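To start, the structure under review is shown below, and the notes come after it.
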Amino acid sequence: MRVNAIAPGWFATEMNTRLFEDERTRRWLDRQCPMGRAGREDELDGVLLFLASDASSYCTGQVIAVDGGWDDPLTRI
């Protein structure tokens, strides 16, 4: 049995539409992310295909971050 996960960063979704529509919040998010922007939905495709394919057959217990290098101060040690 293999168990892996994708940990996406900030991506626009139906649940956070209002957040992304607010210009002040959007600028803050863009400043916090080293890539300078939120993710695009298609940017999850590669890691999803990897985990669903035989290419990941020897991977287990992994959480793969697709977050543009997001630095969350709450997770720093």
Side-chain angles (χ1 to χ4, degrees):
M1 178 199 275
R2 294 182 300 148
V3 179
N4 297 296
I6 300 171
W10 288 99
F11 286 79
T13 68
E14 291 179 17
M15 290 180 63
N16 63 17
T17 299
R18 287 183 45 195
L19 178 75
F20 276 86
E21 289 174 348
D22 179 68
E23 187 61 33
R24 183 174 171 216
T25 302
R26 182 63 185 251
R27 283 193 317 264
W28 180 84
L29 288 170
D30 290 347
R31 282 194 313 269
Q32 299 306 308
C33 183
M35 295 292 285
R37 62 176 177 79
R40 294 185 318 266
E41 200 173 307
D42 65 295
E43 292 176 310
L44 295 170
D45 294 349
V47 70
L48 177 64
L49 289 170
F50 168 70
L51 290 175
S53 75
D54 286 338
S56 68
S57 64
Y58 201 59
C59 293
T60 191
Q62 301 305 305
V63 177
I64 302 173
V66 182
D67 62 4
W70 184 265
D71 182 23
D72 186 350
L74 299 176
T75 60
R76 283 190 216 142
I77 297 176

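Computed from a predicted structure; not experimentally measured.
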Closest non-hydrogen atom pair, Arg26 against Phe20: NH1-CD2, 3.0 Å
Closest heavy-atom contact between Gly68 and Pro34? O-CD, 3.4 Å
Identify whether Leu48 and Phe11 are in the same connected component of the hydrophobic contact network (ILVMFWY, side-chain heavy atoms under 4.5 Å). yes
Hey, mind stepping through Leu19 and Trp10 against side-chain contact (heavy atoms from CB on, under 4.5 Å) and telling me if it holds? CA-CA 11 Å; Leu19 178 75; Trp10 288 99; 3.2 Å; yes
By side chain to side chain donor-acceptor pair (under 3.5 Å) - contacts of [X] (at least two apart):
{"X": "Arg2", "answer": "Ser56"}
{"X": "Asp42", "answer": "Arg40"}
{"X": "Asn16", "answer": "Thr13"}

Can you name the one residue among Ile64, Leu49, Val66 that meets side-chain contact (heavy atoms from CB on, under 4.5 Å) with Leu44? Val66
Are any of the side-chain heavy atoms of [X] and [Y] separated by less than 4.5 Å?
{"X": "Asp67", "Y": "Pro8", "answer": "no"}
{"X": "Leu51", "Y": "Ile6", "answer": "yes"}
{"X": "Trp70", "Y": "Leu29", "answer": "yes"}

Any salt bridge linking Asp22 with Arg18? Criterion: basic side-chain nitrogen under 4.0 Å from a carboxylate oxygen. no
I'd like to know if the side chain of Gln32 and the backbone of Asp30 have a donor-acceptor N/O pair within less than 3.5 Å. no
